[in-house]
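I have placed the structure first, in the form of structure tokens, so that the comments after it can refer back to it.
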Amino acid sequence: MFIFRIDSSPHTDFWRLNRSCYLASLLKKKTEILFCVDHDKKLINFLRKRKFHFCLSENFEKLKKQSFRSILFDLKFFTKEDIEFLKWAKKTGAKTIQITDLGLNQQDVDFTIDASIERLSPYDKEKQTLLGPDYVILHHKYRHFKKIKREYRKKIKKIFILMGENTEYRELRKIVDLFCRRNYDLKIFSGHCIKKSNQKVLKRIYPSIKFAGEAESLARSFFESDITLLYAGEAAYKAACTGTPFVYLYSDKRQGFIANSFEKHGAGLKIEIKKKLNLKNANLIEHLNSLTFEKRVKMGNKGKKFVDAIGVYRIINFFEEKRII
């Protein structure tokens, strides 16, 4: 048995949840999978819908009686109970793995996976790690669209907007109003952060906009857009893989670090915004106008070279080599 210990939820950390679930969907062809989760109704429904078995983290003692070979931690925060369970698992000889970002929240595990381009906290050389974009977990459809030759429009027309988990309705409406007044075609993925009722209101006010639903992947939406406006770190890899230039909006130090690493590699453009979105100060339209046809082609090509979308298979091969599964 292979255990996934996660604390993400569809309404607070969709991108992290999505990567663990996709990895689990591939691994369950090779081994039995069990998710260990906190009590969260939306998360439990999310797992049930995808036919994953799960148990609650409050039942760690019961979990210790299970026979399992490996446990993977994809946690934003390690509780005291998580750390104790990790120590117990290591003593029993189970393989322990951690998926993390930017080198943060490092734990004493056997193997670490961190797809970040650069890290805020370095890893010890002795630590067994899988580092960099070669190990980013993406749905297989991204690989499909990566292989297709892109045709870039001379002028930006289609914009794909991906909202962060903490985005409020008013922020989204400001963005939509700004672009709709200039006749851009908008497609929006708001995840679980914007209520369906608010989406309907926006559709009524701005009939031309579209919302991307809960598809297997958003690869086609990225590929068909001229540019992506995004708030989420994981989404930047997805845009890059499909050759889609992107503008990365950030409001804190951690987000700024991620945005800067992509911009340095020529795959995106970063724009700092305040927590309360001030579009006038952000100069979004001016920034978009600065992205000429030549710049966008260059950014798209850089992104495709940077992310090859087979990282999940490298991880699975590694698991097999190390007898993790």
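Residues: numbered from 1 along the sequence shown.
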Checklist entry - Linking I/L/V/M/F/W/Y whenever any side-chain heavy atoms sit under 4.5 Å apart, do Phe293 and Tyr184 land together? => result no
Checklist entry - In terms of heavy-atom contacts, does NZ of Lys195 have more than 12 from other residues, nucleotides or ligands at under 6.0 Å? => result no
Next on the checklist: Could you see if Trp15 belongs to whatever hydrophobic cluster contains Ile258? Use Ile, Leu, Val, Met, Phe, Trp, Tyr and a side-chain cutoff under 4.5 Å.
Outcome noted: yes
Next on the checklist: So that I know where these two stand, are Phe35 and Phe54 an aromatic pair - ring centroids less than 6.0 Å apart?
Outcome noted: no
Checklist outcome for this item: In terms of heavy-atom contacts, Phe46 and Cys21 come closest through CE2-SG, 3.7 Å
Next on the checklist: Going by the rule salt bridge (charged side-chain N to carboxylate O under 4.0 Å, His left out), which residues pair with Lys64 if we only count those two or more places apart in sequence or in a different chain?
Outcome noted: Glu61
Checklist entry - Hey, does the side chain of Arg143 reach the backbone of Ala309 with a donor-acceptor pair shorter than 3.5 angstrom? => result no
Item to check | Non-neighbouring partners of Asp308 that pass salt bridge (charged side-chain N to carboxylate O under 4.0 Å, His left out), sequence neighbours left out | outcome: Arg314
Next on the checklist: Could you check whether any side-chain N or O of Thr31 sits under 3.5 Å from a backbone N or O of Lys28, counting only pairs where one atom can act as donor and the other as acceptor?
Outcome noted: no
Next on the checklist: Donor-acceptor pair, distance only, cut-off 3.5 Å: does the side chain of Asp110 make one with the backbone of Thr96?
Outcome noted: yes
Item to check | Check: Lys304 side chain, Thr244 main-chain N or O, donor-acceptor pair, under 3.5 Å | outcome: no
Item to check | Expected output: side-chain Thr292 to main-chain Lys295 donor-acceptor under 3.5 Å | outcome: yes
Next on the checklist: Looking at Glu234 and Val136, would you say the former's side chain and the latter's main chain have a donor-acceptor pair under 3.5 Å?
Outcome noted: no
Item to check | For Arg50, salt bridge (charged side-chain N to carboxylate O under 4.0 Å, His left out) partners two or more places apart | outcome: Glu214
Next on the checklist: Check this for me, if you would: do Arg153 and Asp226 make a salt bridge, where the nitrogen-to-carboxylate-oxygen distance has to be below 4.0 angstrom?
Outcome noted: yes
Checklist entry - Which residues satisfy the salt bridge (charged side-chain N to carboxylate O under 4.0 Å, His left out) test with Asp114, sequence neighbours excluded? => result none
Next on the checklist: Once rounded to the nearest 0.5 Å, what's the spacing between atom CZ of Phe262 and atom NZ of Lys302?
Outcome noted: 14.0 Å
Checklist entry - Would a distance-only check, ignoring hydrogens and angles, find a side-chain to backbone donor-acceptor pair under 3.5 Å from Asn198 to Ile194? => result no
Checklist entry - Asn260 and Lys270: side-chain donor and acceptor closer than 3.5 Å? => result yes
Checklist entry - Tracing side-chain links under 4.5 Å among I, L, V, M, F, W and Y, which residues wind up in one group with Phe223? => result Phe145, Ile148
Checklist entry - Quick one: does NZ or CZ of Lys238 land under 6.0 Å from the six-membered ring centre of Phe222, within 45 degrees of the ring axis? => result no
Checklist entry - Below 4.5 Å, heavy atoms only, C-beta onward: do Phe160 and Ile227 meet side chain to side chain? => result no
Next on the checklist: Taking the side chain as everything from C-beta on, heavy atoms only, tell me whether Thr112 gets closer than 4.5 Å to Gln128.
Outcome noted: no
Item to check | Phe2 ring center within less than 6.0 Å of Phe4 ring center | outcome: yes
Next on the checklist: Within the 3.5 Å criterion, strictly below it, is a donor on Ser190 or Gln199 matched to an acceptor on the partner's side chain?
Outcome noted: yes
Checklist entry - Are any of the side-chain heavy atoms of Leu288 and Phe179 separated by less than 4.5 Å? => result yes
Item to check | Same apolar cluster (I L V M F W Y, side chains within < 4.5 Å links), Ile97/Tyr123 | outcome: no
Checklist entry - Do Ser251 and Gln255 have side-chain atoms, one donor and one acceptor, less than 3.5 Å apart? => result yes
Next on the checklist: Whether Asp7 and Arg16 form a salt bridge (side-chain N of Lys/Arg under 4.0 Å from carboxylate O of Asp/Glu) is what I want to check.
Outcome noted: yes
Next on the checklist: Can you tell me if Glu168 has over 12 outside heavy atoms packed within less than 6.0 Å of its CD?
Outcome noted: no
Next on the checklist: Taking the side chain as everything from C-beta on, heavy atoms only, tell me whether Ile44 gets closer than 4.5 Å to Leu56.
Outcome noted: yes
Item to check | Separation of Leu23 CG from Ile99 CD1 (nearest 0.5 Å) | outcome: 5.5 Å
Next on the checklist: Students often mix this up, so state it plainly: with edges at 30° and 60°, are the rings of Phe14 and Phe189 parallel, tilted or perpendicular?
Outcome noted: tilted
Checklist entry - Quick one: do Leu284 and Ile273 end up in the same hydrophobic cluster if we chain Ile, Leu, Val, Met, Phe, Trp and Tyr together by side-chain heavy atoms under 4.5 Å apart? => result yes
Checklist entry - Just by modelled atom types, is the Ser116 backbone N or O under 3.5 Å from a matching donor or acceptor in the Arg119 side chain? => result yes
Checklist entry - Is there a side-chain contact between Ile285 and Leu178, using heavy atoms and a 4.5 Å cut-off? => result yes
Next on the checklist: So Leu27 and Phe319, do their side chains get closer than 4.5 Å, heavy atoms only?
Outcome noted: yes
Item to check | Atom pair CZ/CD1 of Phe318 and Ile324 - distance to nearest 0.5 Å | outcome: 5.0 Å
Item to check | Charged N-O contact under 4.0 Å between Arg173 and Asp177 | outcome: no
Item to check | Candidate pair Ile117 and Tyr237, rule side-chain contact (heavy atoms from CB on, under 4.5 Å), full reasoning | outcome: CA-CA 10 Å; Ile117 303 167; Tyr237 295 101; 4.1 Å; yes
Checklist entry - Under a 4.5 Å side-chain heavy-atom rule over Ile, Leu, Val, Met, Phe, Trp and Tyr, are Ile205 and Ile209 clustered together? => result yes
Checklist entry - Are Lys146 and Thr242 close enough that some pair of their side-chain heavy atoms sits under 4.5 Å apart? => result no
Checklist entry - So which of Lys187, Lys210, Lys158 actually passes side chain to side chain donor-acceptor pair (under 3.5 Å) with Ser221? => result Lys187
Checklist entry - How many angstroms lie between atom CG of Asp252 and atom CZ of Arg254, to the nearest 0.5 angstrom? => result 7.5 Å
Checklist entry - Is the backbone of Asn317 close enough, under 3.5 Å, to the side chain of Glu320 for a donor and an acceptor to pair up by distance? => result no
Checklist entry - If you link I, L, V, M, F, W and Y whenever their side-chain heavy atoms are under 4.5 Å apart, who else ends up in the same group as Met1? => result Ile3, Leu34, Phe60, Leu63, Phe68, Ile71, Phe73, Leu75, Phe78, Ile83, Phe85, Leu86, Trp88, Val109
Next on the checklist: Can a donor-acceptor pair be found, under 3.5 Å and without considering hydrogens, that links the side chain of Thr79 to the backbone of Asp82?
Outcome noted: yes
Checklist entry - Is Arg220 paired with Glu224 through a side-chain N to carboxylate O contact shorter than 4.0 Å? => result yes
Checklist entry - Can you tell which of Ile137, Ile33, Val312 makes a side-chain contact (heavy atoms from CB on, under 4.5 Å) with Leu26? => result Val312
Checklist entry - Would the number of heavy atoms belonging to other residues, nucleotides or ligands and lying under 6.0 Å from NZ of Lys203 be above 12? => result yes
Item to check | Arg19/Asp101 under salt bridge (charged side-chain N to carboxylate O under 4.0 Å, His left out): CA gap, chis, key distance, verdict | outcome: CA-CA 12 Å; Arg19 73 183 179 192; Asp101 304 286; 3.0 Å; yes
Checklist outcome for this item: d(Ile316 CD1, Lys30 NZ) to nearest 0.5 Å is 6.5 Å
Checklist entry - Do Ser8 and Asp74 touch side chain to side chain, with heavy atoms closer than 4.5 Å? => result no
Checklist entry - Is there a donor in the side chain of Asp40 and an acceptor in the side chain of Ser9, or the other way round, less than 3.5 Å apart? => result yes
Next on the checklist: Nearest 0.5 angstrom please: Tyr313 OH to His140 NE2, how far?
Outcome noted: 6.0 Å
Item to check | Sidechain N-carboxylate O distance under 4.0 Å for Asp108, Lys87 | outcome: no
Checklist entry - Which pair of heavy atoms, one from Ser57 and one from Asp38, lies closest together, and at what distance? => result OG-OD1, 2.7 Å
Checklist entry - Does Arg150 count as lying over the ring of Tyr152, i.e. NZ or CZ under 6.0 Å from the six-ring centre, within 45 degrees of the axis? => result yes
